[in-house]
Each structure stands twice: as C-alpha cells, then as structure tokens.
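Counting begins at 1 with the first residue of the sequence.
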Amino acid sequence: MAQTDTVTRILDTAEVLFAERGFAETSLRTITGKAKVNLAAVNYHFGSKKSLIQAVFARYLDPFTERFHTALDALEHDYQGHTIPLEVLLETMARTVLEVPAERNSLKVFMKLLGLAYSQAQGHLRRYIQEHYGSVFTRFTDLVRKATPELPDAERFWRLHFVLGTVIFTLSGLDALRDIAEKDFDEHVSVRDLIRRLRPVVVAALQAPLPEDGAEPAQAVG
C-alpha cells in the first residue's frame, strides 16, 4: 500500500505541475519537493522524467482509449455498415472524454496536458502516444472521413485540429469561462452545458464550405 501511495502522490503532483508549467520547465526536484518524496523514489518507480511524463498521460489515455473503442464498437454495430453521422461521432467522443475517471481537477488538467502534447511534445512523447493510442484516433479519423466525403484529406486534417484546439482551449479554461458567464450573463454553466453549446460549433466547422482557391482576404474599411 505504501508503494501505491507513493506512486499516486508522484503522479498527482507531476500532472498538475506539468499542466501549470509545462514539461521542460518542471524539474524532477520540483515534483519531488511538492510530493514530499525523495528523488530516488521517482527513479525507482519511473526510471526517468520521460517515463514519468508517459505515465501521467497513460493514467488518462488508457481508460479513455478503452472506453472510446467500446463506444465506437457500439456505434458500428448500431449503424450496420452505414455511415455514422458526424454529429453522433463528435457527441460520442465528447461523452467519452467526460467519462474518463475523475481524479482531482481531472477534466481541466487532462485538457491542458493534451494541449501540451501538441505544443510542447518532445519526440519521445509523440512516439509513445502514437504507438500506444494511435489506433483509436486513426479509427475515429477514418469514421470522420466517411462522414465528410466532400472534404479533401488535407482540409479535414486542418479542420480536425482547429476543432481540437477549440475544445482544448474551452475546457482547459473552464473555470474562467464559468466566472465570466456567471458575472456577465447570470448563467451557471455545467460541463455538459458547455459540451451541448460547443457541439453545433464544431460540427459547423467541419461541414463549412471549402475555402476558395486564391481568394484574397477582405480589406478593412476605414
């Protein structure tokens, strides 16, 4: 039990510090100091900072991947070879994200870590995510491709990443957005309320007309 407690304490501390400060800016000594463990404990349980970063992601991505594969299995069974609508795919992904087991600050930290995986990911982390979790994201992308046959592959790539950026920005800044909504509009917003409002925006982004080739941007008047 003591060993499990130590590992959990290290992971809890590391994920919050990584989300707040980034990977490069967070040293192992900072983590051990906050977690109240010695450096030898990190080396013993994880071996290196790289392995610790990977373990932090695994704690979220393992259950997410398992649940998302199961959800996609159910959709493919229900639609019996027919194209799964884009709205259904996006709703299923959003619901699965919310179902990831809730540790402390789970959703906000998870979203910040995903943002870092794109903006700060070192080679080892990109390889780790691709090797261990690439199959579920490839599967989802293939289903989105079938639901959006009018989009060229390159355009779909960009739109999916624009959507991902929107979702990460919104959910990682959830506390600030809730405060603004309450102060300015007297609205009390739950996570599910946010997902409900976000869904038509991301669907519209993926279904928007293709940009015209060579179109010049509009010039400001005045």
- prompt: Heavy atoms, side chains only, cut-off 4.5 Å: are I53 and Y128 in contact?
  reply: no

message: Show the nearest heavy-atom pair for residues V189 and A181, with the distance to one decimal.
response: CG2-CB, 3.9 Å

task: Please indicate whether E66 has more than 12 foreign heavy atoms, meaning atoms of other residues, nucleotides or ligands, lying under 6.0 Å from its CD.
output: no

query: Can L114 be reached from W158 by stepping across I, L, V, M, F, W or Y side chains whose heavy atoms are under 4.5 Å apart?
result: no

- prompt: Taking atom CZ of F137 as the centre, does the number of heavy atoms from other residues, nucleotides or ligands within less than 6.0 Å exceed 12?
  reply: yes

query: So, for A14 and L52, which heavy atoms are closest and what is the spacing to 0.1 Å?
result: CB-CD2, 4.1 Å

message: Is it the case that the side chain of R21 and the backbone of T26 share a donor-acceptor pair, with hydrogens and angles ignored and the cut-off at 3.5 Å?
response: no

- prompt: When hydrophobic residues are tied together by side-chain contacts of less than 4.5 Å, even through go-betweens, does V203 share a cluster with F169?
  reply: no

field: side chain to side chain contact (heavy atoms under 4.5 Å, CB included) partners for A147, two or more places apart
entry: T83, L86, L89

query: What's the shortest heavy-atom distance between A58 and P63, and which atoms?
result: O-CD, 3.8 Å

query: When clusters are formed by joining ILVMFWY residues with side-chain heavy atoms under 4.5 Å apart, either directly or through shared neighbours, do L206 and F157 land in the same one?
result: no

- request: Determine the sole option in F18, Y133, F110 for which the ring-ring contact (aromatic ring centres under 6.0 Å, His included) test with Y60 is passed.
  value: F110

query: Okay, side chain of H69, backbone of T65: is any donor-acceptor separation there less than 3.5 Å?
result: no

query: Rounded to the nearest 0.5 Å, how far apart are CE of M93 and CD1 of I195?
result: 11.0 Å

message: Is there a side-chain contact (heavy atoms from CB on, under 4.5 Å) between E76 and H82? Walk through the geometry before answering.
response: CA-CA 8 Å; E76 290 182 332; H82 296 287; over 6 Å; no

message: Within the 4.5 Å heavy-atom criterion, are L194 and R178 side-chain neighbours or not?
response: no

- prompt: Under a 4.5 Å cut-off applied to non-hydrogen side-chain atoms, are E25 and E20 in contact?
  reply: no

task: Can you see which heavy atom on E15 is nearest to which on V56, and at what distance?
output: CB-CG1, 3.6 Å

query: Side chains of S190 and D193: do they bring a donor and an acceptor to under 3.5 Å?
result: yes

Results of side chain to side chain contact (heavy atoms under 4.5 Å, CB included) for R145 - residues two or more places apart only: T141, D142, D153, R156

Sidechain-backbone polar pair: K50 side chain, L125 backbone, donor-acceptor under 3.5 Å: no

- request: Only pairs at least two apart or in different chains count here, so list each side-chain hydrogen bond (donor to acceptor under 3.5 Å, both in side chains) that has a residue in residues 28-41.
  value: S27-T30

Ring centroid separation F140 to F68 under 6.0 Å: yes

task: Considering non-hydrogen atoms only, spot the tightest contact between I31 and I10 and give its length.
output: CG2-O, 4.2 Å

message: With rounding to the nearest 0.5 angstrom, report the CZ to CG distance, R59 to L113.
response: 10.0 Å

- prompt: Atom CG in L75, atom CG in L143: separation rounded to 0.5 Å?
  reply: 8.0 Å

- prompt: Taking only residues two or more places apart in sequence or in another chain, which ones pass side chain to side chain contact (heavy atoms under 4.5 Å, CB included) with A205?
  reply: V163

- prompt: Any ion pair linking R159 and E155 (charged N to carboxylate O, less than 4.0 Å)?
  reply: yes

- request: Spell out, as yes or no, whether a donor-acceptor pair under 3.5 Å connects the side chain of T96 to the backbone of T92.
  value: yes

task: Tell me, with the steps shown, if R67 and D62 meet salt bridge (Lys or Arg N to Asp or Glu O under 4.0 Å).
output: CA-CA 9 Å; R67 288 167 185 246; D62 282 354; over 6 Å; no

statement: ring-ring contact (aromatic ring centres under 6.0 Å, His included) filter on F46, not counting sequence neighbours, yields none

task: Decide whether V37 and L28 are clustered together by the hydrophobic rule: side chain heavy atoms of Ile, Leu, Val, Met, Phe, Trp, Tyr closer than 4.5 Å, transitively.
output: yes

message: Looking at R197 and E187, is any side-chain nitrogen of the basic one under 4.0 Å from a carboxylate oxygen of the acidic one?
response: yes

task: Measure the spacing between CZ of R95 and CG of L90 and express it to the nearest 0.5 Å.
output: 11.5 Å

task: Mind running salt bridge (Lys or Arg N to Asp or Glu O under 4.0 Å) on E131 and R126 for me, showing each step along the way?
output: CA-CA 9 Å; E131 289 171 5; R126 283 193 294 270; over 6 Å; no

Value rounded to 0.5 Å, distance of CD1 in I84 from CG in D78: 8.5 Å

task: Please test K49 against V42 for side-chain contact (heavy atoms from CB on, under 4.5 Å), starting from the C-alpha separation and ending with a verdict.
output: CA-CA 8 Å; K49 184 178 177 180; V42 176; over 6 Å; no

- line: Residues joined to V201 in its hydrophobic cluster, side chain to side chain under 4.5 Å directly or through other members, sorted by chain and number, are none

- prompt: Are L160 and L151 joined in one hydrophobic group, where the rule is that I, L, V, M, F, W and Y side chains link up if heavy atoms are under 4.5 Å apart?
  reply: no

task: Using a strict cut-off of less than 4.0 Å between a Lys/Arg side-chain nitrogen and an Asp/Glu carboxylate oxygen, indicate whether R199 and E91 qualify as a salt bridge.
output: yes

